[in-house]
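Everything below concerns the one structure shown next.
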Amino acid sequence: MLVGLSIRDIVTIERLDLSFSGGLSVLTGETGAGKSILLDALGLAVGARADSGLVRRGAARASATAVFQLRDGERARALLGEAGLDDDAADEDGALLLRRVLGADGRGRAFVNDRPVGVAALRAIGGALVEIQGQFEARGLLDPATHRRFLDEYAGHGPLLDAAARAHADWNAAAAALEAGRAGREESRAREAELRETARELDALDPRPGEVEGLEERRAVLANAGALVEAMGKAMEEIAGEAGAEAAAGRAARLLDRAAARAGGRLDEALAALDRASAELQAAAGELGALAGEVEADSGRLEALEDRLHALRAAARRHGVAAGGLPALRAEVASLLAALEAEGGGLAALEARAARSRAAWEAAAGKLSRSRAGAAARLDAAVARELPPLRLGGARFATVVEPLDEARWTAEGRDRVGFRVAANPGEREGPLNRVASGGELSRLLLALRVALAWANPLPTLVFDEVDSGVGGAVAAAVGERLSRLGGRLQVLVVTHSPQVAARGGAHWRIDKTGAGGRVATVATALDAGARREEIARMLAGTEVTPEARAAADSLLNAAPGA
């Protein structure tokens with residue numbers, strides 16, 4: 001809540017320091033005394049628009065410092081973190097100082113606990129701490145962007161919002177994974193077409209392990225077929241001819257056989273060796289004959305062999321491998337194609353997960369939407385009960401919950417929430433700040449604030465002449481509602497109504513003084529006696545009569561806590 005306001009050189013205020021407590025505080029004084037200047041100063045401190053006209057004449061600069069006492073869990077603490085200040089921007093006791101300095105040239109600076117910040121950050125933090133009604137800038141309840149949050153707080157939607165946020169995050173993650181999977185699949189499809197073409201080519205070519213080496217060996221043989229056949233023919237002549245080795249071995253065996261009987265068995269080993277030699281020579285001659293026949297038979301296939309080698313080597317060059325590596329490449333391509341087929345199944349799994357997470361999000365968002373619709377009806381009824389006593393019996397208030405386009409869905413749901421009002425019978429409902437006059441709007445906002453009082457609102461509310469243009473029973477109704485709000489949070493009100501002033505727990509009188517040709521605004525905290533006199537003045541006007549004092553006593557005694 002607001003605990004202090006220090007003002008220096010703003011319009012007619014040269015130097016003013018105010019201290020505030022909780023509950024309802026009222027500020028009264030003659031018209032033109034400078035009550036609204038205090039609110040201008042507070043607005044300056046919390047980031048409202050400003051111009052050099054606020055700087056006191058003759059001063060180089062103006063400044064306003066608002067001191068707040070932070071509570072645990074206040075939204076302002078999160079905003080401090082977003083501004084890069086974190087919780088350590090507040091003192092250990094929770095005090096937070098917002099200060100704005102405005103030069104006569106229109107230039108300004110903003111500070112949070114004397115640490116420089118941008119005006120936008122100051123405005124965001126200040127907007128989470130105080131709302132000034134009567135300064136009809138699109139902030140607080142006048143800002144449509146806040147209406148959904150107010151309705152959710154009114155309805156206690158914390159658990160539903162948490163569930164929707166979790167479902168939305170899960171859906172976003174699943175959708176991102178699916179998008180990445182689809183992008184990868186598109187790349188894979190281009191690669192797959194290339195791989196399938198390679199597979200078709202290699203399947204048609206059908207390279208086999210060791211084939212190139214075997215073909216090169218046979219090619220070398222066939223390229224020298226003539227010389228080989230001639231050499232093998234001569235070798236066969238040397239082995240099997242009439243004067244060849246086979247005939248010589250036979251003659252030697254016959255000679256030794258005739259002498260073997262006289263050798264007493266000592267020639268047996270030699271005869272056996274000659275038999276083996278004769279058999280080996282016959283085998284060699286057979287092998288040479290068969291090989292010579294094969295070479296002669298294959299000599300006509302050299303061209304086909306050359307063509308096969310050329311085809312294998314050309315394919316190897318196209319795919320950047322050695323000719324002997326084609327079988328391994330064929331196996332690798334088959335493996336990659338199998339992996340791509342499995343990848344297609346993975347994409348289907350991603351699509352299924354995205355569909356499930358979207359359905360979960362829509363279920364959570366739908367539950368939140370239905371609860372918002374119910375809460376809107378309850379809020380409308382609560383506001384409607386407050387309108388007749390505030391002389392707004394002909395007004396209609398409506399909380400509109402509308403579906404958003406899918407592109408605008410967020411973690412907070414898929415609804416747009418707007419507070420709309422028709423100030424008079426027969427009029428169409430429209431935005432709060434476009435269909436009501438200043439006095440009507442102030443009372444409408446008061447009625448709405450009373451209905452929202454238990455919705456964890458901003459800790460401090462400021463009303464500027466919410467009772468403007470009314471008196472009697474309506475002013476009393478305004479005061480009673482401000483008092484109710486003061487029982488829940490801190491309320492400051494600038495008022496000309498004695499019925500409202502009598503409800504205050506604290507009372508400040510704002511006066512304008514003149515000295516040395518200069519006008520100055522001063523503020524005085526009133527004790528019980530001075531307060532009675534001020535309320536009597538508000539009742540009687542210039543001359544305070546005994547009757548006015550008696551009426552003031554009646555109002556003060558009727559106020560709660562009197």
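As a basis for the values below, the full set of heavy atoms in this structure was taken, side chains included, without hydrogen atoms, waters or symmetry mates. We're numbering straight along the sequence, starting at 1.
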N/O donor-acceptor pair under 3.5 Å between E429 side chain and F397 backbone: no
Donor-acceptor pair, side chain of R100 and main chain of L44, under 3.5 angstrom: yes
Test: R549 and E533 ion pair at under 4.0 Å: yes
D405, CG atom: more than 12 neighbouring heavy atoms under 6.0 Å: no
Heavy atoms of other groups near R358 CZ, more than 12 under 6.0 Å: yes
Salt-bridge present (E543, R537; N to O < 4.0 Å): no
Side-chain donor/acceptor of S371 to backbone N/O of L368, under 3.5 Å: no
Pair T410-E412, side-chain donor/acceptor within less than 3.5 Å: no
Side-chain donor-acceptor pair present, E465, H496, cut-off under 3.5 Å: yes
Any donor-acceptor N or O pair under 3.5 Å, side chains H507, S25: no
Mutual orientation of the aromatic rings belonging to H147 and F419 [parallel < 30°, tilted 30-60°, perpendicular > 60°]: parallel
Atom of Q499, atom of A475 and distance for their closest heavy-atom approach: OE1-CB, 3.8 Å
Whether D51 side chain and G53 backbone form a donor-acceptor pair below 3.5 Å: yes
Heavy atoms of other groups near R8 CZ, more than 12 under 6.0 Å: yes
T12-T521 side chain donor-acceptor pair, cut-off 3.5 Å: yes
R148 bridged to D415 by N-O distance under 4.0 Å: no
Side-chain (D380) to main-chain (T399) donor-acceptor, under 3.5 angstrom: yes
